[in-house]
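We count ligands from 1, going down the list as the structure has it; atoms in each ligand are counted the same way.
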Amino acid sequence: MKAIRVHEFGPPEVMRIEEIPDPSPGPGQVLVRIRAVGVNPVETYIRSGAYARRPALPYTPGNDAGGIVEAVGNGVLGVAAGVRVYTSETVTGAYAELALCNAAGIHPLPDGVSYAQGAAIGVPYATAWRALFQRARAVPGETVLVHGASGGVGVAAVQIARAAGMHVIGTAGTAEGIALALREGAHHVVDHREAGHLDKAISQTGGRGFDVILEMLANVNLANDLKALAMGGRVVAIGSRGTVEIDPRDTMGRDASIVGMSLFNTPTADMAAIHAALVAGLENGTLRPVIGRELPLSAAPAGHVAVMSSGARGKIVLLP
Ligand code: NAP
């Protein structure tokens, strides 16, 4: 099979397409023929060598894909060759024509959801769901700011929060991103490149502030987020690319909380609950992954450059 291989950590060009032997499923494993692969920022951090979790070299990046079950190992029940699935975790890497997965890492891809959309679910939708419900404990009727609503996690968060009955304000940095977040369910969207954009967002809550803020760039926004919270408000730090200075009094006066999360820390039972909810949302049409750009698998380096650039408009996927 063809697969992207990384032999040394470094810039996007260290990813090269190679011919390697097809994997075969062992006990408890499923082999998936990959039709589309999701590109996530975390794969760029890992590839650069700067991330805390570093795989043994050489490796194939990625966990999120849409595809078809090719073969099933001993002891896997309820899954057969030919079934459409999305993957949230792989053993051998998703940037490839075939990927080995443990049975818990594959989930049914409902009819009407494309393989490219399947590739857009794993990290982004699971992160958005966990941030909103398992970390922020958001409930229907609350106001939510999705700070970075035009990217993979942001679009997912907007759809999930809107479907759950929350009042959703989003932010994006381009006219295209603003239109996307509105189309996907945000009640109002502001431009996070504008100074004072949070004041405009707060005015959409009648001045009360947000019960929940899902933050994609905490190093830039956290200090101001704390001033934008309602009494008892929670900020979930989902993305951050540096440090930030905050005034702790902004949390004290509001009984506010700053909650961190890494999807890697999700307990198995919580992850199973998340994917059960996501499959239901895909089936009933409330969750509709948006594809911003499709590239061939060999263009993985360009995909990594694109996912770290501004002007997000949904997911970047690679097609083997
Ligand atoms: P993405 O698709 O590249 O989207 C990035 C988002 O950040 C876009 O909506 C972008 O908006 C927005 N953004 C840019 N400048 C911003 C600003 N000043 N304020 C607020 N938002 C801003 O990435 P993603 O997959 O959605 O991931 C988002 C972040 O979360 C990344 O840093 C990623 O590493 C992190 N993440 C963390 C976890 C976890 O477990 N903690 C899981 C998944 C992702 P424009 O492009 O429109 O400006």
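Near Ser310, with a cut-off below 4.0 Å to any heavy atom, the atoms of ligand 1 are 46 (O). Applying the 4.0 Å criterion to heavy atoms of Gly173 picks out, from ligand 1, the atoms 45 (P), 47 (O), 48 (O). Every atom of ligand 1 with a heavy atom of His147 under 4.0 Å away is listed here by number and element: 20 (C), 21 (N). Listed by number with element, the atoms of ligand 1 under 4.0 angstrom from any heavy atom of Ala312 are 8 (C), 45 (P), 46 (O), 47 (O). Near Ser262, with a cut-off below 4.0 Å to any heavy atom, the atoms of ligand 1 are 40 (O), 41 (N).
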request  = For the pair Arg241 and Tyr45, evaluate side-chain hydrogen bond (donor to acceptor under 3.5 Å, both in side chains) and give the outcome as yes or no after the intermediate values.
outcome  = CA-CA 10 Å; Arg241 292 178 181 165; Tyr45 316 149; 2.9 Å; yes
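Shortest contact from atom 42 (C) of ligand 1 to any protein heavy atom: Thr127 OG1, 3.2 Å. Ile238 O, 2.9 Å is the protein heavy atom nearest to atom 37 (C) of ligand 1. In terms of protein heavy-atom proximity, atom 25 (O) of ligand 1 is nearest to Pro41 CD, 3.3 Å. Taking atom 33 (C) of ligand 1 as the reference point, the nearest protein heavy-atom neighbour is Tyr45 OH, 3.6 Å. At the shortest separation from atom 20 (C) of ligand 1 among protein heavy atoms lies Asn221 ND2, 3.3 Å. Protein heavy atom in closest approach to atom 26 (O) of ligand 1: Val153 N, 2.9 Å. At the shortest separation from atom 18 (N) of ligand 1 among protein heavy atoms lies Leu217 CD2, 3.7 Å. The nearest heavy-atom contact from the protein to atom 40 (O) of ligand 1 is Leu263 N, 2.7 Å.
Centroid-to-centroid, the aromatic rings of Phe210 and His147 stay 6.0 Å apart or farther. Note: Phe133 and Trp129 meet the aromatic proximity criterion, with ring centroids under 6.0 Å apart.
With respect to Lys2 and Glu97, no salt bridge is recorded, no charged nitrogen being found less than 4.0 Å from a carboxylate O.
For the pair Ser150 and ligand 1, the shortest N or O to N or O distance falls below 3.5 Å. Between Ala237 and ligand 1, a contact under 3.5 Å exists for no N or O pair. Between Val307 and ligand 1, at least one N/O pair is under 3.5 Å apart. Residue Gly151 places at least one N or O, backbone or side chain, under 3.5 Å from an N or O of ligand 1. The shortest N or O to N or O distance between Gly152 and ligand 1 is below 3.5 Å.
Counting only heavy atoms from C-beta outward, the side chains of Met216 and Val153 approach each other to under 4.5 Å.
Taking the six-membered ring where tryptophan is involved, the planes of His192 and His197 are perpendicular, since the angle between them exceeds 60° and thus also 30°. Aromatic ring pairs are classed by plane angle as parallel below 30°, tilted from 30° to 60° and perpendicular above 60°; the pair His107 and His275 is parallel.
Both tests do not hold together for Arg5 against Tyr59: distance to the six-membered ring centre under 6.0 Å, angle to the ring axis within 45°. Judged by the 6.0 Å and 45° rule, Arg53 forms a cation-pi pair with Phe264.
With hydrogens and angles left out, the side-chain atoms of Tyr86 and Gln117 include no donor and acceptor closer than 3.5 Å. For the residue pair His7/Glu18, the side-chain donor-acceptor check at 3.5 Å is satisfied. The closest side-chain donor-acceptor pair between Glu215 and Asn221 falls under 3.5 angstrom. Defined by atom type and a distance below 3.5 Å, a donor-acceptor pair is present between the side-chain atoms of Thr266 and Arg130.
Looking at Thr87, its side chain never comes within 3.5 Å of a backbone N or O of Thr90 through a donor-acceptor pair.
Between Glu176, Glu43, Met216, Glu215, it is Met216 that holds the heavy atom closest to atom 28 (C) of ligand 1. Nearest-residue assignment for atom 12 (C) of ligand 1 (options His192, Met308, Arg193, Lys315; heavy-atom criterion): His192.
At least one heavy atom of Gly311 sits closer than 4.0 Å to an atom of ligand 1. Residue contacts with ligand 1 include Arg241, since one of its heavy atoms falls under 4.0 Å from the ligand. The closest approach between Gly177 and ligand 1 stays at or above 4.0 Å for every heavy atom of the residue. Judged by the shortest distance from any of its heavy atoms, Phe264 lies outside the 4.0 Å radius around the atoms of ligand 1.
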